Structure formats: structure tokens, C-alpha cells
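Treat the numbers as computed from the prediction; the structure is a model and nothing was measured. In what follows, every chain begins at residue 1, and chains take the letters A, B, ... in the order their sequences are listed.
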2 protein chains.
Amino acid sequence: MNYELLLREHHLKVTPQRLGILSLMVDAGHISVEDLFAQIKQEFSSISLATLYKNINAMLHNALIKEIKVPHMKPKYEVTKPPHAHLLCQGCNEFMDIDINVNALVDEASKKSHYQLLDSSIVLCGYCEKCQKQSV
Amino acid sequence: MNYELLLREHHLKVTPQRLGILSLMVDAGHISVEDLFAQIKQEFSSISLATLYKNINAMLHNALIKEIKVPHMKPKYEVTKPPHAHLLCQGCNEFMDIDINVNALVDEASKKSHYQLLDSSIVLCGYCEKCQKQSV
DNA sequence: TACTAAGGAATAATTATTATCCTTTAGTAA
DNA sequence: TTACTAAAGGATAATAATTATTCCTTAGTA
């Protein structure tokens, strides 16, 4: 993926820090501010937490990334992808993407409301294969 | 609704403050800590914000209420109801419940993953009838 | 009625996020 | 290239949200 181009397409200045943050986000899939900061520090030891927040907000504003908020968890961030749902494992607390038919859901909802629907956020909770075996 | 019984069923001590908080939550449908505090203050002028947080956490812990978290909004709380989705109006920022077929969604997701699914959280964003007319 | 564990009030402490100030740098155009 | 300007970065202060602590009060129970 060409991160430099991706930033330009979203009208964001290209800086080494920003490229690093974006690249880490892509690699991680879903990552918290805390973890992202720990990782970006390894590349830019003097980077400030405020810089990270400023970048996250800039990228959110341009919809380059999305915020995922679920109960009892710190917010996580992911690079924007086609509509999909999230599976959240209650054991290891990891997210996994799943491409269910989001449009069908939106269609069904449309029929039951007068809302003009624009976007959706779907989180399913359960146990992943690994955590299923271990405990429960 | 018998709030006293509801609290007892969830192994929570019955106190006047707690009854007040629960009753306000039911009436509001979906409410933030801030709004809840403003309202409960009218009934118990000396109530502390810490007390409110402790009650919210106690009720969350016993699944008497649920937390709703979505990007760019303060968390809201609702008394636990049968599985349903939320419609969030981007104009007035109000939630509305909608009873779409959540089980069908979970079934579909089950087929596409090895997860053992337990719970789901679905938020659809758009404009309600009123806000559709006004702007957009 | 009395006892005990939990709840409430007040407030301090912690955590997460944003604002501010000043320095540095990316983007642009001469 | 060079020079200019707006935006970005770093350091840190400030704010907001939530949790912890202390002590006093009350609900549940024997």
C-alpha cells in the first residue's frame, strides 16, 4: 500500500511521523492509542502523545480511519475499509473483521423506520476458537 | 414497572437514590451520565457524582443496564431490553430502538467464523424524519 | 433492636484527551 | 534552489471523565 498517496488523497500533509502512525495502524488492524503510542515511540523516540492524538483526530476527520467504541474497552482505531462487522473475543479482547451482508441489515432497518440510513456499526461478541477451548 | 423488585432480582440493595436513578433511566430510554446527574439532582439535591457512577457501574455489573458507546459521543445507558438495534440520528443525536432480526444476523455471522457468539451491538446512523426535512 | 455490610457524600487522585506555545518542516511558487 | 507560509511536531499545562478514599449513614437481617 502507498501510504504517502493515501495521505495526500485525504488532504493530509505527509510527515514521517504520520506515515509511521498510518503504517502501524494498517499492520495492527485494530489498535488503541496506548498501544499505538508504545509502538510509534520505537520509531520516533521523541514523539509526543499530543502529536499522536492530533494525528488520530486529523485522520478521523478525513475518514481515513475509523473509531471503534465498545463497552468496557478503550477506543480502538482502524484504517477505513469497506463496510464490515467486528467480532470481539471476550477472552483475548481481540477484534476480528467479518464481511457479513451489512446492506441486507440496513435494508431491513429501513423498512422498519423512517430513518435515512447512512452508516452502520456492528459488533458481535463471543469467544474465538482459541479462547473457546481454553476456558468458558 | 416495579423498580424495587427489579433491583432485588439483580442482587442490588434498594435505596431511594438507586430507585430514582433507575426510574429516570427507564423514562429517558437512553441517557448520558451528565444528563442523568442533572435530573437526579432535582430529586436528591445532595447526591454526589461519585454515587451516580458507582450505581451505574453496579447496575452494569449485574446487567440491569447496558452501555452504548459510539464514536464522537459520550456513553449512554439504557435499561436492558430484549436484543434490538439502535438508530442514531446525526442531526439531533438521539437514539431510537428498532427491533430488527438480530438473530438472523448472528446466524449469518456464525457461518462465517469459528466464534461462539454471545451478544451483539448494532448501531445504524442516519437522519430521523424531522432532521431529514430540516437540513441535509 | 442491634449488628454488619453496603451505600452515600465529599473530595482527592487518576486517566484520557485537548489546548497552548513555541520551534520545525512540508508544500508551493518565484 | 530559495524563500515563504501554513501546518505539524514537541513539551507541557489544562480540562474532562472516571475512579479511589475516607468517613458517616442506612438497608437488610438475625
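- Near DNA chain C, meaning a heavy atom under 4.0 Å away, the residues from residues 63-75 of chain A are A:K74, A:P75.
- Atoms CZ (B:R18) and P (D:dT26) sit 15 Å apart, rounded to a whole Å.
- The distance from atom NE2 of A:H11 to atom P of C:dT28 is 12 Å, rounded to the nearest whole Å.
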Filtered N/O pairs between nucleotides 1-3 of chain C and protein, under 3.5 Å:
none

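- Of all heavy-atom pairs between A:C89 and A:Y127, the closest is SG-CA, 3.9 Å.
- At the heavy-atom level, B:T51 lies under 4.0 Å from base atoms of the strands shown.
- Following rounding to the nearest Å, B:F37 (CZ) and D:dA16 (C1') show an atom-to-atom distance of 14 Å.
- Judged by distance alone, the side chain of B:K69 and the main-chain N or O of A:M73 form a donor-acceptor pair under 3.5 Å.
- Contact check, A:Q17 against D:dG10: a side-chain N or O comes under 4.0 Å of OP1 or OP2.
- A sub-4.0 Å separation between OP1 or OP2 of C:dA9 and a side-chain N or O of B:S46 is present.
- Atom NZ in B:K13 sits roughly 8 Å away from atom P in D:dA27 (whole-Å rounding).
- Atom C1' of nucleotide D:dA8 and atom CD1 of A:I56 are separated by 15 Å, given to the nearest angstrom.
- OP1 or OP2 of C:dA26 has not a single side-chain nitrogen or oxygen of A:R8 nearer than 4.0 Å.
- Taking only side-chain atoms of B:P16, from C-beta outward, the nucleotide of C:dA9, C:dA26, D:dA27 with the closest atom is D:dA27.
- The shortest distance between the side-chain N/O atoms of B:T15 and the OP1/OP2 oxygens of C:dA6 is not below 4.0 Å.
- Between the B:E43 side chain and the B:G20 main chain, no donor and acceptor come within less than 3.5 Å of each other.
- In B:K111, the NZ atom is not crowded: 12 or fewer heavy atoms of neighbouring residues, nucleotides or ligands sit closer than 6.0 Å.
- In this model, no donor atom of one side chain and acceptor atom of the other lie less than 3.5 Å apart for A:Q132 and B:H114.
- Here C:dT17 presents its C1' atom at 15 Å from CG of A:L36, a figure rounded to the nearest Å.
- Surrounding NE2 of A:H84 are more than 12 heavy atoms belonging to other residues, nucleotides or ligands, all under 6.0 Å away.
- Separating the CG atom in B:L52 from the CD1 atom in B:I40 is a distance of 7.5 Å, to the nearest 0.5 Å.
- In this structure, A:N55 CG and A:M59 CE are separated by 5.0 Å, a value rounded to the nearest 0.5 Å.
- Between A:H30 and A:F95, the angle of the ring planes lies from 30° to 60°, which puts this pair in the tilted group.
- In this structure, A:L52 places its CG atom 11 Å from P of C:dT18, rounding to the nearest Å.
- Among D:dG10, D:dG9, C:dG27, the nucleotide with an atom closest to any side-chain atom of A:N55 is D:dG9.
- Considering CE of B:M25 and CD1 of B:I65, their distance stands at 3.5 Å, rounded to 0.5 Å.
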Tell me, with the steps shown, if B:L12 and B:L6 meet side chain to side chain contact (heavy atoms under 4.5 Å, CB included). CA-CA 9 Å; B:L12 290 167; B:L6 196 55; over 6 Å; no
Nucleotide N/O to protein N/O under 3.5 Å, stretch nucleotides 19-23 of chain D:
from   : atom 1 : to    : atom 2 : distance (Å)
D:dT19 : OP2    : B:N57 : ND2    : 3.1

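- Regarding B:F44, its CZ atom lies at a distance of 18 Å from the C1' atom of C:dA10, rounded to whole Å.
- Around the NE2 atom of A:H72, the shell of radius 6.0 Å holds more than 12 heavy atoms that belong to other residues, nucleotides or ligands.
- Taking every side-chain heavy atom of A:V33 into account, C:dT17 is the closest of C:dT17, D:dT12, D:dA6.
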